[in-house]
Amino acid sequence: MKCWGRYVICCMATLLLASAAVHSQQRYQRWGGGVDDEYLHFGFSFHYINADYKIDLKDSWQGGSVTSPFSHNVGLGLLADARLSENVNLRLQPNLRFMNIDVKIDDAAHKVQRSDIGIPLLLKFKSDRKTNMRGYLIGGGELSFNVSSAKRYDRNVDIMTNRAYLAYTAGIGFDIYFDYFKMSPEIRWVQSVGNMLHDSPNNTFNNDSPLERLYMRSFQVSLYFE
């Protein structure tokens, strides 16, 4: 009788362990909306952007300090993702960013306002999936346009920047799988290429200021939903 009781207990324990294993396997195989199985899928994103300008000054400047403190900005966007292989994706991520960055010249703040449409084209290199998560590295280039009306700016008091600029970007993130979608927190560095300061004889403030070159740089924290 005791042997029979032990047999029943062993069977129940085996069933419980099997049930737990099946449950664990089900958790491991969260579907994530099936996006990883599609050759092309879409999504949307939200961004927090901490940005400033790297500044080069004119050789003739003999005044005080010129700085650009980090500013807090926001953005939102869409994405189109093409699967190239099991671990590599090509991503187009158009987004709209509302940027207000100060340049302080002798403690007087001059705001540089931009509403940029950015068009990044990126390669995403993914690790193998572990449980319901996988890490990735991402990088590429970006073309951005300022879509704010020129009427917003006064060339006598505002710092004028070029309408368009190129940038390179690189970052790291994690894909987190849920039953019907995938969420990806990501951090990324963006650095503009070339001088963003607009060169024109009509830009009275630019011509009289100590600024020679401006380069935008930003640290971006994003959430992607696919």
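No hydrogens, no waters, no symmetry mates; every other heavy atom, side chains included, goes into these values.
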Side chain to side chain, N95 and I117, heavy atoms closer than 4.5 Å: no
Evaluate the criterion side chain to side chain donor-acceptor pair (under 3.5 Å) for residue pair R97 and S144; output intermediate values, then yes/no. CA-CA 10 Å; R97 304 185 299 265; S144 294; 2.9 Å; yes
S200 and R155 side chains, donor-acceptor separation under 3.5 Å: no
F145 versus D116: any side-chain heavy-atom pair under 4.5 Å? no
So does V35 get a backbone contact from the side chain of R83, meaning a donor-acceptor N/O pair under 3.5 Å? no
After noting the C-alpha distance and the side-chain angles of Y153 and N203, does the key distance pass the side chain to side chain donor-acceptor pair (under 3.5 Å) rule? CA-CA 10 Å; Y153 306 104; N203 297 336; over 6 Å; no
Determine whether the aromatic ring centres of F44 and F46 lie less than 6.0 Å apart. yes
D107 atom CG, over 12 foreign heavy atoms within 6.0 Å: no
I'd like to know if the side chain of T204 and the backbone of N156 have a donor-acceptor N/O pair within less than 3.5 Å. no
R91 NZ/CZ over Y224 ring centroid, <6.0 Å and within 45° of normal: yes
Quick one: do the Y177 and R134 side chains pair a donor with an acceptor below 3.5 Å? yes
Tell me whether the count of non-hydrogen atoms from other residues, nucleotides or ligands lying under 6.0 Å of CG in D59 goes above 12. no
Residues that F178 engages under ring-ring contact (aromatic ring centres under 6.0 Å, His included), provided they are two or more places apart: F181
Using 4.0 Å as the upper bound for N to carboxylate O, is an ion pair formed by D56 and K58? no
Donor-acceptor pair between N73 and N100 side chains, under 3.5 angstrom: no
Is there a path of hydrophobic side-chain contacts, each under 4.5 Å between heavy atoms of I/L/V/M/F/W/Y residues, joining I55 to F205? yes
Working to the nearest 0.5 Å, report the span between CG of L123 and CG of L84. 7.0 Å
Side chain to side chain, I138 and F125, heavy atoms closer than 4.5 Å: no
Just so I know, are the side chains of L214 and T161 near enough to count as touching, which here means a heavy-atom distance under 4.5 Å? yes
Can you tell if the side chain of Q93 reaches within under 4.5 Å of the side chain of H47, non-hydrogen atoms only? no
Taking the six-membered ring of Y136, is the NZ or CZ of K126 close enough (under 6.0 Å from the centre) and on axis enough (within 45°)? no
Compute whether any side-chain donor of one residue and acceptor of the other, for Q220 and S222, lie under 3.5 angstrom apart. yes
After noting the C-alpha distance and the side-chain angles of V66 and L211, does the key distance pass the side-chain contact (heavy atoms from CB on, under 4.5 Å) rule? CA-CA 9 Å; V66 180; L211 307 178; 3.9 Å; yes
Return yes if some donor-acceptor pair links the side-chain N/O of N195 with the main-chain N/O of L197 below 3.5 Å, else return no. yes
Would you mind reporting whether D102 and V112 have side-chain heavy atoms less than 4.5 Å apart? no
Just by distance, with hydrogens left out, do D52 and Y215 show a side-chain donor and acceptor under 3.5 Å apart? no
Between the side chain of S71 and the main-chain N/O of A51, is any donor-acceptor distance below 3.5 Å? yes
Say whether S115 and S148, considering side chains only, have a donor N or O and an acceptor N or O under 3.5 Å apart. yes
pair P120-L92: side-chain heavy atoms closer than 4.5 Å: no
Counting only N and O atoms by type, is there a donor-acceptor contact under 3.5 Å from the side chain of S45 to the main-chain atoms of L223? no
How about F225 and K182: do any of their side-chain heavy atoms sit closer than 4.5 Å? no
Determine whether a donor-acceptor pair (N or O, by modelled atom type, separation under 3.5 Å) exists between the side chain of T67 and the backbone of P69. no
